[in-house]
There are 2 protein chains.
Amino acid sequence: MTTARPRRRADAERNIAAILSAARELFGKGPLPSMNDIARAAGVGRVTLYAHFASREALLEAVIDSAIAETDAALTALDLDRLDPEEALRRLIETSWSILNTLRRTREAALADLDPEQLRRKHDPAFRHVERVLDRGRQAGVFRGDLPLDWLVASCYAVVHAAADEVNAGRIRAGDAPGVVAPTVLAMLAPTR
Amino acid sequence: MTTARPRRRADAERNIAAILSAARELFGKGPLPSMNDIARAAGVGRVTLYAHFASREALLEAVIDSAIAETDAALTALDLDRLDPEEALRRLIETSWSILNTLRRTREAALADLDPEQLRRKHDPAFRHVERVLDRGRQAGVFRGDLPLDWLVASCYAVVHAAADEVNAGRIRAGDAPGVVAPTVLAMLAPTR
DNA sequence: ATTAAGTCGAACAACGATGTTCGACTTAAT
DNA sequence: ATTAAGTCGAACATCGTTGTTCGACTTAAT
């Protein structure tokens, strides 16, 4: 789980990280970056980029994988099962919403080059966390049960993404976002009287 | 308001419509189409396409304009001011949600080539309809007043888009969508007790 | 200090997309 | 039936991107 077989030199490792980070940022916002753009942003020659990632597609996949892994780790660390569903959802939103935004944009940027099914499978693990919390909340009676679980999950994501867009557009301050998203989502999930 | 000065021949007019329609469909779903793709889908030579739309950017803009105009006309025809806010919102969702989906995807497809601000200004008119209904509902006390109006509008759109995505992914049947979206949105807008 | 791993720029080939031009052809309008 | 408007395919130039190769250089590891 730590480092694989091929022992890379320290600078190589550093460059890979820089490339991944730069790629993530460039994919996350703005128009599709070329390999050239990414290399420059990473402070690395284009040749070096290709030395580590054989193709644009490979890089894209690596970017997505790393972002997913990070998100999943952060969410797992929250230990959501210990909290009551509402509080769990609040925390989940708070810690994941910005990451999810860049992830979403990267996903959209990648829709042209990657297989959609495979893509969905990849960021499925992140969905699971929400799914778990929502399911628990439903069985506890604090979340509504009159709509499909899938749909509620999708709606939650949609609202979170909307908040991210509003922040990007400057209509909401980043710090205010969780305070706006939480009541919206919770109202959406409230049981029908 | 009807036809401008340059009297075009009948077949030219027909082709323009075909191109616009094909472009709308291709932009609406799937990966970015090339001018070639669009021309073929419209049953028209590439040269003809360029005869009517000087550049890719011009075509893109025309597509967006036509879609906006159609949406706006449909929503205006609903005469929403006559209905109570909740019913108005239901109708609004029902008649606009599929159009809005293709619009959104086209917008995203165009984000690379067009100026974002100009783009937002363009599909602002559609937003206005929701804004009006929501504002009326708030003053009537049937919609919540504890969150910014902008945000509520954005959330509504987000949920509608989410439904469109779910339909596209095959997880919801198109016919079921309004029945799922409406209760979700209305719950989201319900006044806090 | 030696060596292998890694970097870099420049230059290359292949490709696809955008626009443009040409000339022959078809079609709608009067 | 004449004419102007419109269409079409083929071919062209141009551009940016991807991916590769080469050789010289720098850097980390032992």
Side-chain angles (χ1 to χ4, degrees), chain A residues 2-27 30-64 106 108-115, chain B residues 2-27 30-64 106 108-115:
Chain A
T2 51
T3 54
R5 257 261 142 253
R7 295 222 224 95
R8 275 178 301 236
R9 237 170 58 177
D11 54 351
E13 208 105 29
R14 227 183 317 139
N15 280 334
I16 291 180
I19 291 171
L20 238 39
S21 157
R24 246 176 94 168
E25 190 179 328
L26 291 190
F27 277 122
L32 304 190
S34 70
M35 295 296 260
N36 218 334
D37 297 332
I38 298 172
R40 279 199 310 121
V44 153
R46 209 163 60 95
V47 186
T48 303
L49 201 168
Y50 276 103
H52 293 304
F53 302 95
S55 70
R56 180 189 178 81
E57 193 178 324
L59 172 60
L60 207 43
E61 211 174 320
V63 167
I64 292 177
T106 301
E108 270 160 11
L111 270 180
D113 304 310
L114 286 184
D115 174 32
Chain B
T2 51
T3 53
R5 255 260 140 254
R7 294 223 223 93
R8 277 178 299 235
R9 239 170 57 178
D11 54 351
E13 208 107 29
R14 227 184 316 140
N15 280 335
I16 290 180
I19 291 171
L20 238 38
S21 157
R24 246 176 92 168
E25 190 178 329
L26 291 190
F27 276 122
L32 304 189
S34 69
M35 295 296 259
N36 218 336
D37 297 332
I38 298 171
R40 281 201 309 122
V44 152
R46 208 162 61 94
V47 186
T48 303
L49 201 168
Y50 276 103
H52 293 304
F53 302 95
S55 69
R56 181 189 179 81
E57 192 178 323
L59 172 59
L60 206 43
E61 208 173 323
V63 167
I64 291 177
T106 301
E108 268 161 14
L111 270 181
D113 304 311
L114 287 184
D115 173 32

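Lettering follows sequence order; numbering is per chain, from 1.
- Here the C1' atom of nucleotide C/dA17 and the CG atom of A/Leu32 are 15 Å apart, to the nearest Å.
- For A/Asp11, counting side-chain heavy atoms from C-beta on, the closest listed nucleotide (D/dT27, C/dC8, D/dC8) is D/dT27.
- You'll find that the side chain of B/Val47 is closest to D/dC8, out of D/dT7, D/dC8, C/dC8.
- The interatomic distance linking A/Arg46 (CZ) with D/dG19 (P) rounds to 10 Å, in whole Å.
- Of the side-chain N and O atoms in A/Asn15, one or more sit less than 4.0 angstrom from OP1 or OP2 of C/dT7.
- Ranking C/dA29, C/dT27, C/dC22 by closeness to the B/Ala10 side chain, first place goes to C/dA29.
- Atom-to-atom, CD of B/Glu13 to P of D/dA5 comes out at 15 Å; the value is rounded to the nearest Å.
- Distance, B/Asp113 CG to C/dG19 C1': 15 Å, rounded to whole Å.
- With rounding to whole Å, A/Arg8 atom CZ is found 21 Å from C/dA4 atom P.
- We find that CZ of A/Arg14 is positioned 11 Å from C1' of C/dG6, with the value rounded to whole Å.
- Pair assignment for C/dA11: D/dT20, on the basis of Watson-Crick or G-U wobble contacts that are both within less than 3.5 Å.
- When distances are taken from the side chain of B/Ser34 to each of D/dC8, D/dT18, C/dT18, the shortest belongs to C/dT18.
- Separating the CE atom of A/Met35 from the C1' atom of C/dC8 is a distance of 16 Å, rounded to the nearest angstrom.
- Within residues 49-61 of chain A, the residues approached by DNA chain D to less than 4.0 Å at the level of any non-hydrogen atom are A/Tyr50, A/Ala54, A/Ser55, A/Arg56, in residue-number order.
- Of all non-hydrogen atoms in B/Tyr50 and B/Ser55, the two that sit nearest each other are CE2-CA, 4.4 Å.
- In this entry the distance linking CG of B/Asn36 with P of C/dC15 reads 17 Å, nearest Å.
- Between A/Arg46 and A/Ile38 the shortest side-chain heavy-atom distance does not fall below 4.5 Å.
- Heavy-atom minimum distance, A/Pro33 versus A/Leu26: CG-CB, 3.8 Å.
- As the counterpart of C/dA1, D/dT30 is assigned, both hydrogen-bonding distances of the Watson-Crick or G-U wobble pattern falling under 3.5 Å.
- Residue B/Leu49 holds its CG atom at 9.5 Å from CG of B/Asn36, rounded to the nearest 0.5 Å.
- In this model, a side-chain donor or acceptor of A/Arg9 finds a partner on the base of C/dA5 within 3.5 Å.
- The line from CG of B/Asp115 to CD of B/Glu61 is 10.0 Å long, rounded to the nearest 0.5 Å.
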